[in-house]
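I have placed the structure first, in the form of structure tokens, so that the comments after it can refer back to it.
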Amino acid sequence: MHLHGVPFEVVATDGHAVPEAAILTKDTISVAPGERYDVEFTATETGQWMLHCHIAPPDE
Ligand SMILES: [Cu+2]
């Protein structure tokens with residue numbers, strides 16, 4: 001998962017809060033099937049924000 005334009009903090013994984021001292025600022029995280037992440041960021045500009053995946057699906 002990648003958010004363009006502003007970094008975010010991962011504040012919880014799979015519903016469990018990340019301890020304050022362990023919170024990292026990121027712009028990309030790998031999310032495996034079934035995993036959940038809660039992220040927080042401050043939108044510094046108005047407009048649309050691109051949130052997407054950079055991993056291409058496998059060829060079939
Ligand atoms: Cu991107």
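Any value given below was found using the heavy atoms of this structure, including those in side chains, with hydrogens, waters and symmetry copies removed. Every number for a ligand or one of its atoms is a count from 1 in the order of the listing.
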Should V39 and V11 count as side-chain neighbours, where that means a heavy-atom distance under 4.5 Å?
->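 Side-chain contact under 4.5 Å: no.
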Going by the angle between their ring planes, with limits at 30° and 60°, are H52 and H2 parallel, tilted or perpendicular?
->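 Tilted: the ring planes of H52 and H2 meet at 30° to 60°.
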Going from CG on L3 to CE on M50, what distance comes out if it is rounded to the nearest 0.5 angstrom?
->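 Here the rounded value is 10.0 Å.
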Residue-atom pairs from the protein, N, O or S only, that lie under 2.8 Å from the Cu ion (ligand 1) |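 Hits for the Cu ion (ligand 1) below 2.8 Å: H2 ND1, H4 NE2, H52 NE2, H54 NE2.
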In chain order, what residues pass the side-chain contact (heavy atoms from CB on, under 4.5 Å) check against A21, with sequence neighbours excluded?
->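 For A21, no residue satisfies side-chain contact (heavy atoms from CB on, under 4.5 Å) once neighbours in sequence are set aside.
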Report, as yes or no, whether the 6.0 Å neighbourhood of atom CD on E35 holds more than 12 heavy atoms from other residues, nucleotides or ligands.
->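 Yes, the 6.0 Å shell around CD holds more than 12 heavy atoms from other groups.
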Return the minimal non-hydrogen interatomic distance between Y37 and I29, and the atom names on each side.
->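 Minimum heavy-atom separation between Y37 and I29: CG-CD1, 3.6 Å.
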